[in-house]
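What follows is one structure encoded as structure tokens, with my remarks underneath.
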Amino acid sequence: MCGIIGIASNKSVSINIINALKKLEYRGYDSAGLATIANGEINEKKCPGRVEKLEKILFQNPSEGNLGIGHVRWATHGVPNEVNAHPHSSEIVSVVHNGIIENSDQLKKDLEKSGKVFKSQTDTEVITVLLTEKLKKLEPLKAVFETLDMLKGSFALGIIFKNYKDFVIGARRGSPLAVGYSNSENYLGSDSYALKSMTNKITYLEDGDVCVLTNNKIDFYNSKNKKINKEILTLSNDKNTAEKGDYKDFMSKEINEQSITAKTCVKEYVDHLRKDINLYNFPINPKDIKKIILIGCGTAYHSCATAKYWFEELTNVSIEIDIASVSYTHLTLPTILLV
């Protein structure tokens, strides 16, 4: 699961990008990279392997610039090497991407027919090439929206532009993307954990949202390119939640904290005074539910099997479970699908 970071600041950003990428290592990855805008050029550095390797490259050859994007990649298209690592840059634009562009093969064929040359095996480079063409006639935000209209699949994007050294553009469809606020610096990240060391003021993008970050301002747009307002949330200051603590990795931490997490989750919905369960803002009357389908992979599938037992022990609702790769296009109400 890839991770992205973007920073617009009034000071050099490469160190903060590296630190944020280290926070994203828990997602799993096989290569890392970053790009900044400095002296009117895109300065890209990337490598297969760990973030520490990228950090050593920067120590030997620093990347200046008050604007930048970074990425840790888990290879889905092409082998894990330097060419396939993110960012993917042309002379005028650089892109980091989390997700999959489902129509990348067809887009690539069409672009190659018109003479465009691709360097990598990735689906992401299609975005870079499309944006490069759009930017010949359009300003960046319009170019981004027209490119997004051509893409099928899920993605979170961070984008910087050679000729616009004061902003980063982010976009979300399917894959999570958070925005962080700070003094003279604003952030873009795959999750709030990557940003928490820099800020506790967070906004989450919804599907179709696009954001434009400068060092002192953030603008949000919906899928129709209309400016919108977003709620700013304050993250908890509980370090035990955000840090590994005494555990060797986050997986060990999550396994050992399962009982506490389950109790906390259940407690949110228990009304002790009325001795009842409250499902706040639940869109369906629970009495109307005839079937529940639980979906998961691996250990999540086994969790579904446990949930099936308890649901059927305590209710008369029919429960089915299946592997997450199954597509339920035939569902009709009153069936509820839980992923």
Side-chain angles (χ1 to χ4, degrees), residues 2-24 33-38 42-44 63-72 86-87 93-98 131 139-145 148 155-173 175-222 225-237 242:
C2 305
I4 67 175
I5 182 73
I7 302 178
S9 181
N10 62 356
K11 59 186 178 182
S12 181
V13 297
S14 58
I15 293 176
N16 276 349
I17 289 176
I18 288 292
N19 290 336
L21 291 180
K22 288 179 179 179
K23 296 287 187 181
L24 290 168
L34 62 76
T36 61
I37 303 292
I42 295 174
N43 187 356
E44 178 190 277
S63 286
E64 299 300 326
N66 298 345
L67 197 76
I69 51 177
H71 191 268
V72 285
H86 295 216
V93 65
S94 185
V95 177
V96 289
H97 165 221
N98 179 18
L131 279 172
E139 52 84 24
L141 188 60
K142 180 66 172 176
V144 167
F145 272 104
L148 297 182
F155 50 76
L157 304 176
I159 310 166
I160 56 175
F161 307 84
K162 170 185 173 181
N163 297 323
Y164 301 86
K165 61 181 181 179
D166 60 345
F167 63 80
V168 178
I169 291 182
R172 180 204 167 176
R173 185 193 299 164
S175 299
L177 198 60
V179 167
Y181 304 77
S182 187
N183 295 325
S184 301
E185 196 167 81
N186 289 310
Y187 315 97
L188 193 68
S190 294
D191 58 41
S192 59
Y193 176 68
L195 306 180
K196 192 169 183 180
S197 62
M198 299 178 285
T199 181
N200 68 340
K201 301 297 183 182
I202 298 290
T203 289
Y204 296 99
L205 270 66
E206 302 294 333
D207 269 359
D209 286 352
V210 171
C211 61
V212 180
L213 283 66
T214 67
N215 70 315
N216 57 13
K217 184 181 179 182
I218 304 176
D219 290 324
F220 297 95
Y221 301 83
N222 62 18
N225 198 0
K226 300 296 183 181
K227 189 173 284 191
I228 57 175
N229 296 317
K230 304 288 289 185
E231 181 183 6
I232 300 176
L233 306 173
T234 301
L235 298 176
S236 167
N237 291 321

Q. If you look at every heavy atom in I5 and M198, which pair is closest and at what distance?
A. CD1-CE, 4.3 Å
Q.
As a quick check of understanding, evaluate side-chain contact (heavy atoms from CB on, under 4.5 Å) for I169 and L141, giving each step before the final call.
A. CA-CA 8 Å; I169 291 182; L141 188 60; 4.3 Å; yes
Q.
Other residues, nucleotides and ligands only: do more than 12 of their heavy atoms fall within 6.0 Å of CD1 on I15?
A. no
**Q.** Short side-chain to backbone donor-acceptor contact, S94 and P87, under 3.5 Å
**A.** no
Q.
Whether the side chain of D219 engages the backbone of V212 through a donor-acceptor N/O pair (distance < 3.5 Å, no angle test) should be reported.
A. no
Q) Is the backbone of T214 close enough, under 3.5 Å, to the side chain of N186 for a donor and an acceptor to pair up by distance? A) yes
Q: Identify the heavy atoms of L235 and T199 that sit nearest to each other, and give their distance.
A: CD1-O, 4.3 Å
Q.
Taking A8's backbone N and O only, do any of them form a donor-acceptor pair with N215's side chain (distance below 3.5 Å, no angle check)?
A. no
Q: Just say parallel, tilted or perpendicular for the rings of Y164 and F167, cut-offs at 30° and 60°.
A: tilted
Q) D209 and side chain to side chain donor-acceptor pair (under 3.5 Å): which partner among K230, R172, R173? A) K230
Q. Is the number of heavy atoms from other residues, nucleotides or ligands under 6.0 Å of N163 CG greater than 12?
A. yes
**Q.** Considering all heavy atoms, the nearest A156-L177 contact
**A.** CB-CD1, 4.0 Å
Q) After noting the C-alpha distance and the side-chain angles of L131 and V144, does the key distance pass the side-chain contact (heavy atoms from CB on, under 4.5 Å) rule? A) CA-CA 7 Å; L131 279 172; V144 167; 4.0 Å; yes
Q: Decide side-chain contact (heavy atoms from CB on, under 4.5 Å) for T203 and L233; before the verdict, give the C-alpha distance in whole Å, the side-chain angles of both, and the deciding distance to 0.1 Å.
A: CA-CA 6 Å; T203 289; L233 306 173; over 6 Å; no
(Q) Can you give me the closest heavy-atom contact between L213 and L188, atom names plus distance? (A) CD2-N, 3.8 Å
Q: Would you check if the side chain of D191 reaches a backbone N or O of A194 as a donor-acceptor pair within less than 3.5 Å?
A: yes
(Q) Donor-acceptor check, side chain of S190 to backbone of I4, threshold 3.5 angstrom: yes or no? (A) yes
Q) Judged by atom type as modelled, is there a donor-acceptor pair below 3.5 Å linking the side chain of H86 to the main-chain atoms of H97? A) yes
Q | Minimal non-hydrogen separation, V210 against A171, with atom names | A | CG2-CB, 4.0 Å
Q. What is the minimum heavy-atom distance between I218 and C211, and which atoms define it?
A. CG2-CB, 4.5 Å
